[in-house]
Protein chains: 2
Amino acid sequence: MTTPYHHGNLRSALVDAGLELARAKGPDGVVLREVARRVGVSHNAAYRHFADRDELLLEIADRGMTELSRAMQARLDALPDELDAVSRARRRLQEVGRGYVDFALAEEGLFAAAFSCFAEKVADGSDPESGPYELLTAALDDLVEVGYLDTSRRPGAEVACWAAVHGFSLLHLEGPLRVVAPADREAALTGLLDTMDRGLGRPVR
Amino acid sequence: MTTPYHHGNLRSALVDAGLELARAKGPDGVVLREVARRVGVSHNAAYRHFADRDELLLEIADRGMTELSRAMQARLDALPDELDAVSRARRRLQEVGRGYVDFALAEEGLFAAAFSCFAEKVADGSDPESGPYELLTAALDDLVEVGYLDTSRRPGAEVACWAAVHGFSLLHLEGPLRVVAPADREAALTGLLDTMDRGLGRPVR
DNA sequence: ACCGCATGTGGACGGCGTCAACATTAGTGA
DNA sequence: TCACTAATGTTGACGCCGTCCACATGCGGT
């Protein structure tokens with residue numbers, strides 16, 4: 001048996017191949033026929049496992065989201081113990097943001113793919129917890145608990161933070177800022193995170 | 001002569017048709033053959049005026065940028081005179097941000113198209129001035145002049161502001177926040193702009 | 001041993017961007 | 001005035017894509 005007629009677990013093989021395409025060329029690089037080619041299977045074989053291309057892309061997006069979460073969590077875990085609770089909480093929020101942006105810039109294609117499927121599907125409860133959003137929420141809750149973020153300013157805080165890092169990533173990824181040097185980019189990110197920290201924090205400092 | 005062999009000014013007709021497509025269906029809706037069909041000309045006719053599809057899209061993006069600028073400028077112009085200079089400057093920055101987001105949400109397709117061409121072209125000096133970036137820069141300069149924004153925090157401020165409103169727009173346009181109700185969205189935007197204002201402003205308030 | 005159903009194949013269709021060869025016309029210089 | 005050239009538009013083809021259909025294959029239960 002050179003290659004058996006039935007692949008065994010085509011589905012996950014397709015997802016893996018698609019993931020690689022997405023990593024290298026973004027969501028548009030996930031071409032059904034190319035995915036099939038890479039797995040060594042005929043075009044159309046994928047239709048036994050996915051209704052259409054979008055459904056495959058959705059699965060890939062899900063994996064991408066998970067990887068993003070992991071990258072962010074890793075940064076949190078690597079954080080040294082801070083002296084006081086307030087500094088620690090503030091630092092954690094910064095790290096959440098930095099993890100988001102770093103992943104976006106490092107895994108350009110996968111990041112784009114992860115956000116390419118919200119037009120059709122509306123996130124069918126994909127992130128029960130531990131998603132990027134949950135990490136951000138936890139960080140902000142900490143900030144409240146510790147007394148740095150006033151409860152009156154708590155609602156809308158996640159959207160503000162998310163928007164800031166998401167926009168920063170996209171402007172540098174596919175936007176007009178894609179040409180700025182990494183050093184300048186780093187400085188700008190520091191400035192952005194500092195601005196958010198100041199904007200959320202108590203007036204007293 | 002029913003329809004003359006030579007169109008007269010095909011180029012601008014193509015751009016107009018493409019603009020309409022972009023408005024209705026975003027950058028992916030700008031299909032060369034469909035554009036030609038709408039103008040009543042054969043496919044391929046466009047190749048006498050544009051090297052390829054991307055070149056047409058680039059022109060469309062440029063127009064979109066201009067419209068964005070105009071929408072923002074209009075909001076600034078409509079602003080009532082404020083009592084003191086500081087309030088006025090702060091208010092202007094808010095309005096710049098609100099104009100950006102409002103346009104993005106109102107002209108979804110065109111906004112997306114305007115930002116869809118930075119991968120190939122690197123903005124060949126398209127915005128000499130009066131672009132969205134210039135409006136933001138002017139607003140921030142005012143903030144410095146008026147004494148609200150410290151010069152030490154001035155560098156990077158435009159990137160921070162831009163990232164915030166850009167991210168906010170995209171999260172609601174093609175991202176996970178596309179399902180939030182307009183009222184909540186409005187509240188979140190107010191919160192975001194307030195956070196940026198606090199983050200940039202002097203500690204004293 | 002058999003059969004049904006899941007899984008994979010091959011071919012076709014229409015739509016796309018693009019290229020090359022050809023047709024038509026507008027302007028220009030003699 | 002008139003022919004020629006360059007600009008502009010057309011036709012047809014190619015290879016790619018996603019998707020649908022009919023058909024082939026073989027695994028698992030009876």
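Worth saying up front: this structure is predicted, and the values here are computed from it rather than measured. Only this structure's heavy atoms are used, side chains among them; waters, hydrogens and symmetry mates stay out. So that the names make sense, note that chain A is the first sequence line, chain B the second, and so on, each numbered from 1.
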Within the 4.0 Å heavy-atom criterion, would you say B:Arg11 contacts the bases, only the backbone, or no part of the nucleic acid?
nothing
Touch check for A:His43, heavy atoms < 4.0 angstrom, all strands: base, sugar-phosphate only, or nothing?
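Answer is base: heavy atoms of A:His43 come under 4.0 Å of a base.
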Going by atom types only, do A:Ser42 and A:Asn44 share a side-chain donor-acceptor pair under 3.5 Å?
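Per modelled atom types, A:Ser42 and A:Asn44 side chains form no pair under 3.5 Å.
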Can you see if the side chain of [X] gets near the phosphate of [N] - specifically, an N or O under 4.0 Å from OP1 or OP2?
{"X": "B:Tyr47", "N": "D:dG9", "answer": "no"}
{"X": "B:Arg48", "N": "C:dA23", "answer": "no"}
{"X": "B:His49", "N": "D:dA7", "answer": "no"}
{"X": "A:Arg53", "N": "D:dG18", "answer": "yes"}

Atom [atom1] of [X] to atom [atom2] of [N]: distance rounded to whole Å?
{"X": "A:Lys25", "N": "D:dC16", "atom1": "NZ", "atom2": "C1'", "value": "13 Å"}
{"X": "B:Phe50", "N": "D:dG9", "atom1": "CZ", "atom2": "P", "value": "11 Å"}
{"X": "A:Glu34", "N": "D:dT19", "atom1": "CD", "atom2": "P", "value": "16 Å"}
{"X": "B:Glu55", "N": "C:dG17", "atom1": "CD", "atom2": "P", "value": "15 Å"}

Candidate nucleotides [options], ranked by approach to the side chain of [X] - the nearest:
{"X": "A:Asn44", "options": "D:dT19, D:dT10, D:dC17", "value": "D:dT19"}
{"X": "A:Val41", "options": "D:dT11, C:dG8, D:dG18", "value": "C:dG8"}
{"X": "B:Asp52", "options": "C:dT18, D:dT19, D:dT10", "value": "C:dT18"}

N/O donor-acceptor pair under 3.5 Å between A:Asp52 side chain and A:Glu55 backbone:
yes
Just one of B:Arg70, B:Arg63, B:Arg23 clears the salt bridge (charged side-chain N to carboxylate O under 4.0 Å, His left out) bar with B:Glu107, so which one?
B:Arg23
Please work out which of the three classes, parallel, tilted or perpendicular, describes the rings of A:Phe111 and A:Phe103, given edges at 30° and 60°.
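Taking A:Phe111 first and then A:Phe103, their aromatic rings stand perpendicular (interplane angle over 60°).
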Here's a test of your reading of the structure: between A:Arg33 and A:Gly40, which maps to the more 5' nucleotide of DNA chain C?
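It is A:Gly40, whose closest nucleotide lies nearer the 5' terminus.
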